[in-house]
Amino acid sequence: MALPLSDLTVMPEPQQVYAADGTRLATYTWGEPDGPVVVIVHGFASSARDNWVMTGWVRDLTRAGYRVLALDQRGHGLSDKPHEASAYGIRTLTTDVETVMDAYLVDDAVYVGYSLGARVGWDVVRELPHRIDRAVLGGVPDGVPLGRLNLDEVRALLTDGTPVEDPTTQNYIALTARVPGNDLASLLALAEGMRASRTVDPDPENAPTRPILFATGSKDGIIEGSRALAAAAPDGRFFEIPERNHFNAPGSRAFREAALEFLAVE
């Protein structure tokens, strides 16, 4: 008998982990305590619940025997939401994941990230190859992080309510409004912090060496950049998520099935 939707989307009580700068990170676990660990990290303007629970990922990962460890990235969900761009450098976001793994005494894991979570995952896998066996990075673009977001229009919206005209930025604003608890000012600060270096990031010349499945929707404008990153990774492969764009790809069953098959390889 199929479980009711409420049973499939229930959230455990968040456990607070403190980052090095004092930022409180809301974390969650599902599954058997002694199962192999998968760390899952959500995308920009999303949350652990929105990205992974409501889309069936936690359900399928726990059914496959994994212990699932998730966090609301700073600026998202039930975690603290600083308004300073300096709080959101890529190194800070990467260290947050390592801090959560340390807090849960996780030495070895696999990693699944989408969008911003995949961008963070690129560095997590590159810097912690001794702790991350393999990874699935969904919807990760090349180029400047969050480069498609028109920050000037977001600032104008926050300052005086000027309507956003850029279509891609409108989509991000709509996503922000859809997910409960989002704070547009903190997400603007995050985008500013991620783009502060003004350099190509992630850098294909410094790709992670662990096995990585890159997955991007067939209707996502960043698909060719994602293919290029997969080609640059020494042990990278690519999965095209059929008939999905950047915003609805996490809900794809084909994406989940491809990820589970990849993660199960010894």
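Quick caveat, the model's predicted, so the values are computed rather than measured.
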Run the salt-bridge test on Lys81 and Asp183 with the 4.0 Å N-O cut-off and return the result as yes or no.
-> no
Answer yes or no: is there a donor N or O on one side and an acceptor on the other, between the side chain of Ser226 and the main chain of Val140, under 3.5 Å?
-> yes
Would you check if the side chain of Asn245 reaches a backbone N or O of Asn248 as a donor-acceptor pair within less than 3.5 Å?
-> yes
Checking Gln73 side chain against Val41 main chain: does a donor-acceptor pair fall under 3.5 Å?
-> no
Just by modelled atom types, is the Pro82 backbone N or O under 3.5 Å from a matching donor or acceptor in the Arg74 side chain?
-> no
Give a yes or no on whether the backbone of Val164 and the side-chain of Gln170 come within a donor-acceptor separation of less than 3.5 Å.
-> yes
Could you go step by step and tell me if Arg131 and Asp102 meet the side-chain contact (heavy atoms from CB on, under 4.5 Å) rule?
-> CA-CA 11 Å; Arg131 298 179 69 177; Asp102 289 344; 2.9 Å; yes
Side-chain (Arg210) to main-chain (Pro129) donor-acceptor, under 3.5 angstrom | yes
Aromatic ring proximity Phe255/Trp57, centre distance under 6.0 Å = yes
How many angstroms lie between atom CH2 of Trp30 and atom CZ of Arg67, to the nearest 0.5 angstrom?
-> 12.0 Å
Ignoring hydrogens and geometry, is there a side-chain-to-backbone donor-acceptor pair from Thr95 to Arg91 under 3.5 Å?
-> yes
Keeping the roles fixed (side chain from Arg256, backbone from Thr55), state whether a donor-acceptor pair exists under 3.5 Å.
-> yes
Check whether any side-chain N or O of Thr169 sits under 3.5 Å from a backbone N or O of Asn150 as a donor-acceptor pair, and report yes or no.
-> yes
Any side-chain heavy atom of Asn51 within less than 4.5 Å of one from His76?
-> no
Any idea how His246 and Tyr114 line up, ring-wise: parallel (<30°), tilted (30 to 60°), or perpendicular (>60°)?
-> tilted
Just by modelled atom types, is the Ala45 backbone N or O under 3.5 Å from a matching donor or acceptor in the Asn182 side chain?
-> yes
Do Tyr28 and Leu78 touch side chain to side chain, with heavy atoms closer than 4.5 Å?
-> yes
Could you tell me whether Asp60 and Arg253 have a side-chain N and a carboxylate O separated by less than 4.0 Å?
-> no
